[in-house]
Amino acid sequence: MTNRYAVILAAGQGTRMKSKLYKVLHPVMGRPMVQHVMNQINTVDLDEIVTIVGFGADAVIEKIGNASKFVVQEEQLGTGHAVQQAESILKDKEGTTIVVCGDTPLITDKTYQELFNHHEKENAQATILTTKIENPTGYGRVIRNDQNVVERIVEQKDANDAELAVNEINTGTYCFDNQALFNALKEVSNDNAQGEYYLPDVIEILRDKDEKVSAFLTPNDEETLGVNDRVALAEAEKVMKKRINEKHMRNGVTIIDPDNTYIGPDVIIEQDVQIHPGSIITGNSSIKSNAEIGPHTEITNCSIGEETIVRQSVANDSQIGARVKIGPYAHIRPQASIGNEAKIGNFVEVKKSVIGDKSKVSHLSYIGDAEIGSNVNVGCGTITVNYDGKNKYLTKIDDDAFIGCNSNLIAPVNIGKGSFVAAGSTITKNVPEDSLSVARARQENKEGYAKRLNNRN
């Protein structure tokens, strides 16, 4: 089998994005564009990947990590100049090199594989990935001769009227014979409107030497979208969202309104999950079978057990068990662990706490820095008072305890197994097992006093 290499172009700042964030790091469905490219190209059997970085080099390298070697392009003098930077690593190698732009996040591993296979089957020195679009403005045009053979690629700024009318475009992705590529790059000139060294000029150089140049026309033009501004970024997001949602639906997930459901590329969802409109599920989240999510629910980096229901709520960086009911309008903050068959009701906030199996925090409560056992009932309006202005402390509630409404549990404090805390209590000391704790002032009624107050008013 022919050796295969990849060069990923990720050096440009992307001035049209009008952003301090470097272009290839702009996310599409939560993942940087260049990471989408890297993940797809990595599934093709490659011997070496070289990423050309420039602006924001350190940030790009940090995102990609050990998946690639890196070369810095100190000056951005065009795509041809960028590929030349990989010469020190690849120039003496034999095989096929694919050149990919870091701002094309939608190209799939299937297309990359088909491009390699076509190039090697044709025994070409260069193969261009092309597509046809209705409005080719801004793209380099693929110019063919009367025999339908590719002669050259003309950039938008350098094209004449006849060439501008061509709707077959260069997607910016190529396969080359590796040594032919670097030999031809030495002959590329910057005699053009931009004063840059264009990689597409390699095609014409090879044609002038009677080397075989081929083109692989992909019918999926949306896949080849290059992201140069926020408009194209939104379009890429739309395409990626549709692709991800269709994958889950074909795997047995019910998405009631795919146009209004956002699922990140790393999310794992089992069959027979139902997702309602307005739901956003991102990060390394996983959802077990027969769960029900939404509507209008945001889940990030959470594992959710089977048959759990989460409605109109937000959950982040937490573990949620099976047959749990959350919401509406609950907030599960990081480092929460919700046990099986628990209930976290409306307007409840849980932060860095363990909620045991079958325990209930039904409404209007704050549970922070707490360990709550099994079969505990936490009444409406209960607060674990975990912060004294300097430090945070633990509240521990043992199995089968009952916390009455509007209770304040001043941490550090422990409520013993099977104990009752009376409604309206402010608990500052530990409550022994099987005890009733009442911590409130004795009620006093002053009959007729209200009339005196009313007369004064």
Side-chain angles (χ1 to χ4, degrees), residues 30 245 248 253-264 267-270 272-384 386 395 397 402-403 405-407:
N245 288 352
H248 287 296
V253 177
T254 296
I255 301 177
I256 293 173
D257 185 356
D259 289 340
N260 290 290
T261 301
Y262 296 80
I263 302 173
V267 173
I268 299 171
I269 306 177
E270 293 185 356
D272 292 319
V273 170
Q274 188 173 64
I275 302 174
H276 292 272
S279 295
I280 303 171
I281 308 169
T282 58
N284 294 310
S285 294
S286 63
I287 303 174
K288 295 289 188 180
S289 62
N290 294 294
E292 190 172 349
I293 307 300
H296 305 294
T297 291
E298 182 180 339
I299 294 170
T300 305
N301 296 323
C302 289
S303 67
I304 296 176
E306 60 186 13
E307 299 180 30
T308 286
I309 299 173
V310 185
R311 295 193 184 282
Q312 288 107 347
S313 296
V314 175
N316 299 298
D317 302 287
S318 294
Q319 308 294 313
I320 299 169
R323 295 170 296 283
V324 176
K325 293 184 178 180
I326 294 178
Y329 310 115
H331 187 185
I332 310 301
R333 291 172 57 190
Q335 299 183 56
S337 178
I338 314 297
N340 297 331
E341 299 180 52
K343 180 181 179 182
I344 308 297
N346 41 320
F347 303 105
V348 172
E349 182 177 351
V350 179
K351 169 255 177 186
K352 198 178 180 180
S353 295
V354 176
I355 310 292
D357 294 348
K358 298 184 178 180
S359 289
K360 297 178 180 179
V361 188
S362 294
H363 29 228
L364 298 166
S365 295
Y366 170 71
I367 305 299
D369 298 280
E371 293 179 5
I372 297 178
S374 300
N375 297 301
V376 172
N377 187 86
V378 178
C380 174
T382 295
I383 296 173
T384 59
N386 57 336
T395 297
I397 304 174
F402 183 97
I403 311 300
C405 292
N406 202 36
S407 295

Asn377 side chain to Phe402 backbone, donor-acceptor under 3.5 Å:
no
Measure across Ser318 and Gln335 and return the closest heavy-atom pair with its distance rounded to 0.1 Å.
OG-N, 3.7 Å
Quick check for you: to the nearest 0.5 Å, what is the distance between Ile275 atom CD1 and Glu292 atom CD?
10.5 Å
How far does OG of Ser303 sit from CD1 of Ile320, to the nearest 0.5 angstrom?
7.5 Å
Donor-acceptor pair, side chain of Ser359 and main chain of Gly373, under 3.5 angstrom:
yes
Are the side chains of Glu341 and Asp357 in touch, meaning some heavy atoms are under 4.5 Å apart?
no
Give me the atom names and distance for the closest heavy-atom approach of Thr308 to Gly321.
OG1-O, 2.5 Å
Report yes if the side chains of Ile255 and Ile263 come closer than 4.5 Å at any heavy-atom pair, otherwise no.
yes
For the residue pair Thr282 / Thr300, report whether a side-chain donor-acceptor contact shorter than 3.5 Å exists.
yes
Within a strict 4.5 Å, meaning less than it, do heavy atoms of the Ile299 and Val267 side chains meet?
no
Is the closest side-chain heavy-atom distance between Tyr329 and Gln312 below 4.5 Å?
yes
Within the supplied structure, the quantity of interest is the number of heavy atoms (other residues, nucleotides, ligands) at a distance under 6.0 Å from Lys351 NZ; does it exceed 12?
yes
Closer than 3.5 angstrom, by distance alone: can the side chain of Asn301 be matched with the main-chain N or O of Asn284 as a donor-acceptor pair?
yes
Minimum heavy-atom distance Gly294-Ser279, with the two atoms named
CA-OG, 3.5 Å
Between the side chain of Asn245 and the main-chain N/O of Thr261, is any donor-acceptor distance below 3.5 Å?
yes
Please find the pair of heavy atoms, one from Ile326 and one from Ala330, that lie closest to each other, and give the distance.
CG2-CB, 3.8 Å
Short side-chain to backbone donor-acceptor contact, Ser353 and Glu371, under 3.5 Å:
no
Indicate the atoms forming the closest heavy-atom contact of Ala342 with Ile355, along with that distance.
CB-CG2, 4.3 Å
Can you tell me how far the OG atom of Ser374 sits from the CG atom of Asn340, to the nearest 0.5 Å?
9.5 Å
What I'd like to find out is whether the side chain of Ile344 reaches to under 4.5 Å of the side chain of Ile367, using heavy atoms alone.
no
CD1-CD distance between Ile383 and Glu349, expressed to the nearest 0.5 angstrom:
10.5 Å
Rounded to the nearest 0.5 Å, how far does CD of Glu307 lie from NZ of Lys325?
11.0 Å
Shortest non-hydrogen contact from Lys288 to Val273?
O-CG2, 3.0 Å
Treating Ser289 as the side-chain partner and Glu270 as the backbone partner, does any N or O pair qualify as donor plus acceptor under 3.5 Å?
no
I'd like to know if the side chain of Ser313 reaches the main chain of His331, judged simply by a donor and an acceptor atom lying under 3.5 Å from each other, with no hydrogens or angles considered.
no
Go through the steps to decide whether Ile403 and Ile397 satisfy the test side chain to side chain contact (heavy atoms under 4.5 Å, CB included), and finish with yes or no.
CA-CA 9 Å; Ile403 311 300; Ile397 304 174; 4.2 Å; yes
Ignoring hydrogens and angles, tell me if any N or O in the side chain of Ser365 forms a donor-acceptor pair with the backbone of Thr382 under 3.5 Å.
yes
Indicate yes or no: at least one non-hydrogen side-chain atom of Ile332 is less than 4.5 angstrom from one of Val310.
no
Look up atom CD1 in Ile309 and atom CZ in Arg323, then write down how far apart they are to the nearest 0.5 Å.
11.5 Å
